[in-house]
Enquirer: 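The structure is given below, and queries will be raised subsequently.
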Amino acid sequence: MTGAIESIGIVGAGTMGSGIAQVTARAGIKAAMCDVSDEFLKRGLNAIEKSLQRDVDKQRLTPEDKCQIVARIKTTTDLADLRDVDFVVEAVTEDVAAKSDIFRRLDESVRTDVILATNTSSISITKLAGVTSRPERFIGMHFMNPVPVMKLVEIIRGIATSDETYSVTRELALTCGKTPVEVNDAPGFVSNRVLMPMINEAIFALQEGVATPEAIDQIMKLGMNHPMGPLELADFIGLDVCLAIMNVLYDGFADSKYRPCPLLKKYVDAGWLGRKTQRGFYDYRGEKPVPTR
Ligand SMILES: NC(=O)c1ccc[n+]([C@@H]2O[C@H](COP(=O)([O-])OP(=O)(O)OC[C@H]3O[C@@H](n4cnc5c(N)ncnc54)[C@H](O)[C@@H]3O)[C@@H](O)[C@H]2O)c1
């Protein structure tokens with residue numbers, strides 16, 4: 001794909017997929033968002049509506065522009081409906097098998113010049129590219145959460161990613177108002193290789209009773225000037241996503257320093273996944289989050 005990108009396919013309408021649809025549609029690109037059920041698509045569209053409405057309320061967007069942005073987003077439960085798009089970003093659950101299956105199917109249905117990008121937080125770009133017949137047109141496009149707010153897009157080159165693929169992806173990130181930063185393929189890339197062990201260590205500190213969740217978060221906010229503490233950030237990211245990333249680091253480096261904390265595993269087993277299930281290291285059901293330990 002050499003010319004400007006006019007349409008984009010987004011697979012997954014969750015936290016990240018809906019955010020990516022929002023920023024691309026706001027940049028004037030037609031977005032086709034695919035998920036497994038209408039219910040998930042509806043939830044994604046609601047999140048987009050709410051986020052754009054906040055901008056209307058703050059007079060950062062006119063109601064007319066909001067309507068036009070929403071009108072640029074189409075939804076489908078059939079991956080084959082993405083066959084005519086100019087670029088694809090995959091943002092489904094952090095699972096190699098699920099992502100590989102999607103890329104095999106996309107590789108067969110979209111034009112051969114179309115770039116396939118993944119928003120994976122940690123899975124090898126080279127490995128996912130390997131299931132397609134176009135590893136040179138495969139790349140990592142790692143948006144941050146919440147997508148409409150965060151400036152960074154970490155762009156990860158797999159071993160075979162071409163320079164042209166990199167520059168088209170970089171241009172797309174710039175068109176969406178983001179700042180692209182280039183990295184090479186390694187477990188967790190740079191962002192999560194540095195961030196996740198810190199979150200995991202905070203959970204170990206909690207497990208060992210070193211301090212309460214609030215104290216751990218306060219120390220990192222007030223002492224290190226982090227805008228959010230590591231435990232509230234884990235709840236925000238999703239504890240299942242955090243665990244999946246730790247497992248990728250642990251397997252990828254074969255180094256015990258990346259061992260996921262047992263308490264993190266326990267919370268995920270319990271279905272306490274953070275904000276999205278209203279319970280993680282904090283309980284979000286009341287007016288104010290309260291620690292669950
Ligand atoms: N949450 C974060 O802070 C964050 C940040 C950066 C990157 N990521 C990455 O983005 C990706 C998505 O994360 P998320 O937080 O949006 O997850 P999420 O659970 O909010 O959304 C995932 C969506 O994918 C859908 N899905 C699953 N299998 C599918 C399939 N076969 N076809 C179509 N849709 C399918 C699910 O129904 C769900 O709606 C993951 O790879 C994650 O690692 C997450």
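These figures come from a predicted structure and were not determined experimentally. Just so you know, ligand 1 is whichever comes first in the structure, and atom 1 is the first atom listed for that ligand. Count residues from 1 along the sequence. Side chains are part of it too, since the values below use all heavy atoms of this structure and drop only hydrogens, waters and symmetry mates.
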Enquirer: With the threshold set at under 4.0 angstrom, would you say A98 reaches ligand 1 through any of its heavy atoms?
Expert: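 Checking ligand 1 against A98, which is what was asked, there is no heavy-atom contact under 4.0 Å.
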
Enquirer: I need the nearest protein heavy-atom contact for atom 42 (C) of ligand 1: residue, atom name and distance, please.
Expert: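 I find the closest protein heavy atom is S121 OG, 3.4 Å.
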
Enquirer: Can you name the residues that form a ring pair (Phe, Tyr, Trp, His ring centres under 6.0 Å) with F204, not counting sequence neighbours?
Expert: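 Per chain and number, F204 pairs via ring pair (Phe, Tyr, Trp, His ring centres under 6.0 Å) with no residue.
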
Enquirer: Just distances here: any N/O of T120 and N/O of ligand 1 closer than 3.5 Å?
Expert: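 Looking only at distances, the answer is no, because the N/O contact criterion of under 3.5 Å is not met.
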
Enquirer: In terms of heavy-atom contacts, does CG of D57 have more than 12 from other residues, nucleotides or ligands at under 6.0 Å?
Expert: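 Result for CG/D57: enclosed.
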
Enquirer: Any non-hydrogen atom of H142 lying under 4.0 Å from ligand 1?
Expert: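 The answer is yes, since H142 has a heavy atom less than 4.0 Å from ligand 1.
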
Enquirer: Is it true that Y258 and N200 share a donor-acceptor pair across their side chains at a distance under 3.5 Å?
Expert: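 Looking only at side-chain atoms, Y258 and N200 do not form any donor-acceptor pair under 3.5 Å.
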
Enquirer: Considering only protein heavy atoms, which is closest to atom 44 (C) of ligand 1, and at what distance to one decimal place?
Expert: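 The protein heavy atom lying closest is M16 CG, 3.4 Å.
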
Enquirer: Just how far is it from atom NZ of K221 to atom CD of E214, taken to the nearest 0.5 Å?
Expert: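 The distance works out to 8.5 Å.
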
Enquirer: Roughly how far, to the nearest 0.5 Å, is the OG atom of S162 from the CZ atom of R137?
Expert: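 One gets 7.5 Å once the value is rounded to the nearest 0.5 Å.
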
Enquirer: With distance as the sole test, does D235 use its side chain to make a donor-acceptor pair with the main-chain N or O of L273 at under 3.5 Å?
Expert: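 Looks like no, no N/O pair under 3.5 Å.
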
Enquirer: Sort and list the pairs that fulfil salt bridge (charged side-chain N to carboxylate O under 4.0 Å, His left out) and have at least one residue in residues 143-163, not counting sequence neighbours.
Expert: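 Every pair satisfying salt bridge (charged side-chain N to carboxylate O under 4.0 Å, His left out) with a residue in residues 143-163: R157-D163, R157-E182.
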
Enquirer: One pair to check against side-chain hydrogen bond (donor to acceptor under 3.5 Å, both in side chains): T132 and D107. What are the steps and the verdict?
Expert: CA-CA 6 Å; T132 74; D107 191 35; 4.7 Å; no

Enquirer: So which protein heavy atom does atom 27 (C) of ligand 1 come closest to, and at what separation?
Expert: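 Protein heavy atom with the smallest distance to atom 27 (C) of ligand 1: T93 OG1, 3.3 Å.
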
Enquirer: Heavy-atom contacts under 4.0 Å between I102 and ligand 1: side chain, backbone, both, or neither?
Expert: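 Side chain only.
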
Enquirer: How far is atom 10 (O) of ligand 1 from the closest protein heavy atom, and which atom is that?
Expert: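 So the nearest neighbour among protein heavy atoms is N119 ND2, 3.0 Å.
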
Enquirer: Tell me, please: is E90 in heavy-atom contact with ligand 1, that is, under 4.0 Å?
Expert: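 Per 4.0 Å heavy-atom rule, E90 does not contact ligand 1.
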
Enquirer: With backbone taken as N, CA, C and O and side chain as the heavy atoms from C-beta onward, which portion of K99 lies under 4.0 Å from ligand 1: side chain, backbone, both, or neither?
Expert: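 Answer for K99: side chain.
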
Enquirer: Ignoring hydrogens and angles, state whether a donor on the side chain of D35 or T77 is under 3.5 Å from an acceptor on the partner side chain.
Expert: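 Judged by distance alone, the side chains do not pair up.
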
Enquirer: Where on I245 is there a heavy atom closer than 4.0 Å to ligand 1, on the side chain, on the backbone, on both, or on neither?
Expert: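 Neither; no heavy atom under 4.0 Å.
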
Enquirer: Counting each atom of ligand 1 from 1 as listed, which ones have a heavy atom of V11 under 4.0 Å away?
Expert: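 Checking each atom against V11, I get 33 (C).
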
Enquirer: In the complex you have, is atom 31 (N) of ligand 1 within reach of the protein, judged by whether a heavy-atom distance drops under 4.0 Å?
Expert: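 When distances to the protein are checked, atom 31 (N) of ligand 1 has a heavy atom within 4.0 Å.
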
Enquirer: Counting non-hydrogen protein atoms only, what is the nearest one to atom 37 (O) of ligand 1? Give residue, atom name and distance.
Expert: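 Ranked first by proximity to atom 37 (O) of ligand 1 is D35 OD1, 2.7 Å.
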
Enquirer: Report yes or no: does F143 have a heavy atom closer than 4.0 Å to ligand 1?
Expert: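 Within the 4.0 Å threshold, so yes.
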
Enquirer: For ligand 1, which atoms, with element, lie under 4.0 Å from some heavy atom of N145?
Expert: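 So the atoms of ligand 1 that pass are 1 (N), 2 (C), 3 (O).
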
Enquirer: Quick one: which ligand 1 atoms are inside 4.0 Å of a heavy atom on F40?
Expert: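 Every atom of ligand 1 under 4.0 Å from some heavy atom of F40: 37 (O).
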
Enquirer: Give the residue, atom name and distance (to 0.1 Å) of the protein heavy atom nearest atom 21 (O) of ligand 1.
Expert: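 Checking every protein heavy atom, the shortest distance to atom 21 (O) of ligand 1 gives G14 CA, 3.3 Å.
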
Enquirer: Can you find a side-chain donor-acceptor pair between T161 and E136 that sits under 3.5 Å?
Expert: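 No, because no side-chain N or O of T161 sits under 3.5 Å from a partner of the opposite role on E136.
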
Enquirer: Give me the residue, atom name and distance of the protein heavy atom closest to atom 24 (O) of ligand 1.
Expert: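 I find the closest protein heavy atom is V92 CA, 3.4 Å.
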
Enquirer: Tell me the protein heavy atom at minimum distance from atom 1 (N) of ligand 1, and give that distance in Å.
Expert: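 Atom 1 (N) of ligand 1 sits closest to the protein heavy atom I237 O, 3.2 Å.
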
Enquirer: Is there a donor-acceptor contact under 3.5 Å linking the side chains of T292 and D283?
Expert: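 Looking only at side-chain atoms, D283 and T292 do not form any donor-acceptor pair under 3.5 Å.
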
Enquirer: Backbone N or O of T165 within a donor-acceptor pair of the T169 side chain at under 3.5 Å?
Expert: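 Yes, because the side chain of T169 sits within donor-acceptor range (under 3.5 Å) of the backbone of T165.
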
